[in-house]
Amino acid sequence: MPPALSPHSDKNVLHGFGFAKSGNKNNLRLSASLQDFSSYHRFDPEAANLIPEIDKSMTYSKHPLQRENVAASFSKEKGFPGGTPFIMRKRVRFIMVFLCLLFFIFFAYMVCMHIYSNWPTGASKFYVVLDCGSTGTRVYVYQASIDHKNDGSLPIVMKSLTEGLSRKPSTQSGRAYDRMETEPGLQKLVHNKSGLATAIKPLISWAEKQIPQSEHKNTRLFLYATAGVRRLPNADSKWLLENSWSILKHSPFLCRREWVKIISGTEEAYLGWTALNYLTGMLGTTPKKATFGALDLGGSSLQVTFENEHRQHNETNLNLKIGTVNHHLSAYSLSGYGLNDAFDKSVVHLLRRLPDGSIANPVNGKIEIKHPCLNSGYNEQYICSQCAAKDQGSGSPLVQGKILDKGGKSGIPVQLIGVPNWEQCSAIAKASVNLSEWSNLYPGIDCDLQPCALYDSLPRPYGQFYALSGFFVVYRFFSLSPEAALDDVLEKGREFCEKTWEVARNSVAPQPFIEQYCFRAPYIVSLLREGLHISDKQLVVGSGSITWTMGVALLEAGKSFSSRLGLHGYQILQSKIDPMILIAIVLMSLVLLVCALSCVCNWMPRFFRRPYLPLFRHNSASSSVLNIPSPFRLKRWSPMSSGDGRIKMPLSPTVEGGQQTPFGLGHGLGSSIQLTESSLYSSTSSVSHSYSSSSLGQMQFDSSNMGSFWSPHRSQMRLQSRRSQSREDLNSSLTDIQMVKV
Ligand SMILES: Nc1ncnc2c1ncn2[C@@H]1O[C@H](COP(=O)(O)OP(=O)(O)OP(=O)(O)O)[C@@H](O)[C@H]1O
């Protein structure tokens, strides 16, 4: 107990409330609690212009001691050696508080985000993606959910729903893919409303069955068209998209007009790459792992995507940020390099070599083409899509006119006759790959010297690749394992070509394009080796489940989950915080909060300002207004026992006057001490903490317990009834209390 505040001091009695010396600013400052400060800041003696105002307003201003006491009591220069101006100090304090709170908010945010992002979420999201390819239209349904694994991988689980689709081995089923699809591709259904509805509606109905009905409304539906629709005239593709939208807007799913569109070759490329690297566990991992390049071979185009640190080719560059990881991609699409288009090119190639007369005078009205990649005995009509294309040399059409066959295929009908010859077939496959055959490039590209499927402006693929879609289809057709070498493909292709058409057709399960596999075998080998300069060592053949549609769902799910968590680009979704660091952050934020509250004690929650928390009260009595090291200094509180065994409290008038403890807990023991202090101290506080608004507030609480000691005094009643005590009230209270004491 500070001697200057001792109730036993004569000087204290003389000066009323323990202000031992009018000139002792230390002691005087001790008498003011934290709560006083902001209420009485106008008492600052350094703020000269305020003093006359104070003098005028204060009822006790004529009392020299009190006047001096007040001035001394609120002089803060003790806390700031050098006499910093009050406004400056106020600003510093404000900035400190602001910084503390800022840090506290930041740390609290970090902790919340960590907890929130690791919170197991049962909720999953569904996505429906319609892939309108050149070969057909398919629907994919994905279910996405969050799953935090501790291996640094992306915390999104993407599941493809395939209920009702039975996957059979290639010997039993010709269907290479595990998907719901309709044929032909949309590009063959221009201005055919009923055909379009037949192509789309069954897919939507199937998707509806995959997803719980309650989720239909919230399930996003996307229709993305690729190469087949991409190469249509603008008016035709527009018609297709508008009419597709008319069907889809009536579906139970959530669909917008802008989600019904043609995606560019580059988009298709990076979406496929995203799906591949997600499924192989390479996407967005921390630390970053080497990703796989993707070779996605469709019916019409080939998409090439790989991570490329050398970014000299701007038009193919793409920056993809997944989680905290940046991926610099090269992504491009080679139109006309898909399996179906490549076979078409082989027909064009042969057509070009026909004598002019055989085109001008077709046999029985049909142009006959002997194809070295067709089995003997094969003799079928074929609609050549590119035969009506302009001859690159002359600029004139190869064949005049264009017809639509029964299936809606547009092109020139030709009669294909199988005349198998493996060497010639391999040469035609190579010609289909060589860009100089299909462009005005001169001189032609030497496939041994440079990747002859690529323009100079396109970056050469490097690194490890997954060969997807069409590559997978060919491998599956020949029952090759994913590890099989390209020479194995050639071997199988040669064997297949040597069979008669009858034998060849019956050697596999019924499926489309059986006749083309004799060509497809040397074609994919030539495309990889000569067109792209990719060797066996760089290659793995991927499964049919890896499609760009999963990339759509994945990126959508990423957006949706990260925005739900208030995060950006999965950054925090991905971040892993060590539990020890987390604990440190929690502690740090609490310390900062306490610091902030200490700085502005008036902001301290009322709970902490209650007198039954002796720690705080005592502190305020023993420290200066501005120099409070810690509000929680328990050890400094020590109730004293009076000679008669009752509890004595510092500065307690009850002690001096031999007053009984209001709760009758006269024998202060153990845990009762605080309670006793709490009730007793209210009287004490009204004296020693006479400027404390919290004390005043406390007095209100304690009045009912104070019994006769306080109740007769009008001033005390006033104190009890008003929490926000004005200065005048306070002064008059002080005067009254002084009188009581006397
Ligand atoms: N279910 C299937 N069974 C057997 N082969 C198939 C099947 N679906 C497609 N194919 C073959 O695989 C090739 C590639 O098909 P895919 O679906 O990947 O391409 P697409 O999407 O139609 O083409 P693009 O993206 O160029 O428009 C097709 O040309 C076809 O020959």
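All ligand and atom numbering here is 1-based and tracks the order in the structure.
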Should the pair Arg230-Glu268 be classified as a salt bridge under the 4.0 Å nitrogen-to-oxygen rule? yes
State the atoms of ligand 1, each with its element, that fall below the 4.0 Å cut-off from a heavy-atom position in Glu181. 1 (N)
Ligand 1 atoms in contact with Ala227 (distance to a heavy atom under 4.0 Å): 26 (O), 27 (O)
Under 4.0 Å from ligand 1, counting heavy atoms only, is it the side chain of Arg230, its backbone, both or neither? neither
Which class fits the ring pair Phe253 and His216: parallel under 30°, tilted 30 to 60°, perpendicular over 60°? perpendicular
State whether Lys261 and Glu258 are salt-bridged, where the test is any N-O pair (Lys NZ or Arg NE/NH1/NH2 against Asp/Glu carboxylate O) under 4.0 Å. no
Pair Ser346-His371, side-chain donor/acceptor within less than 3.5 Å: yes
Taking the side chain as everything from C-beta on, heavy atoms only, tell me whether Leu232 gets closer than 4.5 Å to Leu240. yes
Is Cys373 disulfide-linked to Cys425, taking SG-SG under 2.5 Å as the test? yes
For Gly133, the ligand 1 atoms with a heavy-atom partner under 4.0 Å come out as 21 (O), 22 (O), 27 (O)
Say whether Tyr382 and Asp344, considering side chains only, have a donor N or O and an acceptor N or O under 3.5 Å apart. yes
I'd like to check whether Ser300 has a polar contact with ligand 1, where a contact means an N/O of the residue lying under 3.5 Å from an N/O of the ligand. yes
Please report the C-alpha distance between Asn317 and Ser330 in whole Å, then the side-chain angles of each, then the deciding distance to 0.1 Å, and finally whether the side chain to side chain contact (heavy atoms under 4.5 Å, CB included) criterion is met. CA-CA 5 Å; Asn317 278 347; Ser330 284; 4.1 Å; yes
Just which atoms of ligand 1 are under 4.0 Å from any heavy atom in Ser301? 26 (O)
Please could you name the atoms of ligand 1 that Asn340 approaches to less than 4.0 Å, counting only its heavy atoms? 29 (O), 31 (O)
Tell me, please, which residues at least two apart from Arg179 pass salt bridge (charged side-chain N to carboxylate O under 4.0 Å, His left out). Glu181
Assess Gly338 for proximity to ligand 1: is some non-hydrogen atom of it under 4.0 Å away? no
In terms of its nearest heavy atom to atom 13 (C) of ligand 1, the top option of Thr137, Thr226, Leu339 is Leu339
At less than 4.0 angstrom from any non-hydrogen atom of Arg179, what atoms of ligand 1 do you find? 8 (N), 9 (C), 17 (O)
Counting heavy atoms under 4.0 Å, the part of Thr135 that contacts ligand 1 is both
Check: Gln511 N/O within less than 3.5 Å of ligand 1 N/O: no
So if I apply the ring pair (Phe, Tyr, Trp, His ring centres under 6.0 Å) rule between Phe496 and each of Trp422, Phe477, Tyr517, which one comes out positive? Phe477
Counting from 1 in the order shown, the ligand 1 atoms closer than 4.0 Å to a non-hydrogen atom of Glu268 are 25 (O)
Below 3.5 angstrom, do we get any N/O pair linking Gly299 and ligand 1? yes
Check whether any heavy atom of Gln187 sits under 4.0 Å from an atom of ligand 1. no
Looking only at heavy atoms of Arg138, does any of them come nearer than 4.0 Å to an atom of ligand 1? yes
